[in-house]
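Take a look at the structure below.
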Amino acid sequence: MKCRTCGSKAVINMRQHKLALCKPHFLEWLPAQTERFIKKYEMFTRYEKVLVAVSGGKDSLSLWNILIKLGYQADGIYISLGIGEEGGYSDLSRQLCEDFSLDRNQQLHIVDVKKEFGETIPQFAQRTRRGKNKACSVCGLTKRHVMNQVAQKFGYDVLVTGHNLDDEAAVLFGNTLHWAGEFMLRQAPVLPATPGLTRKGKPLCRFYEKEMAAYAILSDIDYIYEECPYSIGSTSIYYKHQMNLLEHDNPGEKSHFYLRFLRAKDNGLFAPPEIIKQDLHECSNCGQPTSGKDVCSFCRMLEQGNEHLERSQVN
Amino acid sequence: MVTIILRRKVFEIRPGMTLLSSLSKLGILPESVLATRNGDMLTEDEILVDGETITLIEVISGG
Ligand SMILES: [Zn+2]
Ligand SMILES: [Zn+2]
């Protein structure tokens, strides 16, 4: 198969775009497309300060790499979750993020969950009602809280994550199966800032996961290949597999599913925009916006953890 | 034979087929892997030859 641009040997064939490219042209194409989506969805400009959430995985490190290449002011944030043993998943991913930032001379904020809040994610998951030994919900809640906290504290204009199209399509697939309308309304390439909440963007939301893996490998980005131990057998991987079965028989299906959803939402299929505005106020503990009665769900989780701790110390 | 490696799994498959047919014989969705030969990525139309090793890189991650 030949590169469409130069005719030399292609390294990747993207059936959904009917586009095969060689290594140099793929490495040009992907950042150029990213730039196009950043503009199309009005995510941020070169005058704004961007905070990139990095996990050590292929998507987030590639995103950081691309933004630096494109000339954006992009710093990183890494949240150390305390997953795995010493030298295991969290330690390794942290090392990869630190090395990446040092190599490129970029600033990286590191927040260690245990140091900051007293316990690791697996410990929270065990102790709290929310966790029920399932770490992913606790982990997601903690990451959202910490990322917003750091973005607000240091005055970043936008917080970006490395979600790719497979991530977005899988979430949408799950939400559609459960008709989780309130979540669907909030799924978008960019979420504008609201009081206390920094703007969020997903510059990779139009790329297939396979394209992102190819970009990371062809750019020699050292990323963590090992899976988070909690994601094994997760529903998100199951949904991605189901989407890929459809994609395999009908190239472009995954992309259409997501893009037609965005279009339908823009056209008001789900609800007029004013209905989705929730009544938010400040959490009495941390000050971040919440729709809860008093404290936000993150602080509620912390309290539950502490109650349990105190109780077990008394016993 | 052609050796195909995916994480800790090793498959042996007869040579002369395209990467695409080889993956489908093994029940692996091409959408979920990248194939490399001596570190270089290859497209799915390539014919796999006797004695070579193809390493598959899983591209799907959770979360
Ligand atoms: Zn080319
Ligand atoms: Zn709070």
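Each chain gets a letter, A, B and so on, in the order the sequences are listed, and its residues count up from 1. Because the structure is predicted, anything quoted here is derived from the model rather than measured.
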Given B/E44, B/E31, B/M41, the one with more heavy-atom pairs under 4.5 angstrom with chain A than any other is B/E31
Counting only heavy atoms closer than 4.5 Å, note whether [X] contacts chain B via side chain, backbone, both or neither.
X: A/L245; answer: both
X: A/F26; answer: neither
X: A/Y239; answer: neither
X: A/N244; answer: both

Anything under 30° is parallel, anything over 60° is perpendicular, the rest tilted; go ahead and classify A/F207 against A/W29.
perpendicular
Can you see whether A/Y208 engages A/E247 through a side-chain donor-acceptor pair at a distance of less than 3.5 angstrom?
yes
Between A/E168 and A/K202 (salt bridge meaning N to carboxylate O under 4.0 Å), is one present in this structure?
yes
Over-ring placement of A/K58 relative to A/Y215, 6.0 Å and 45° cut-offs:
no
Chain A contact via B/L29 - which portion, at a heavy-atom distance below 4.5 Å:
side chain
At a heavy-atom separation under 4.5 Å, does B/E46 approach chain A through its side chain, its backbone, both, or neither?
side chain
Please report the shortest heavy-atom distance between A/R94 and A/D112, naming the atom on each side.
NH1-OD2, 3.8 Å
With a 4.5 Å limit on heavy-atom distance, are the side chains of A/I77 and A/V52 in contact?
no
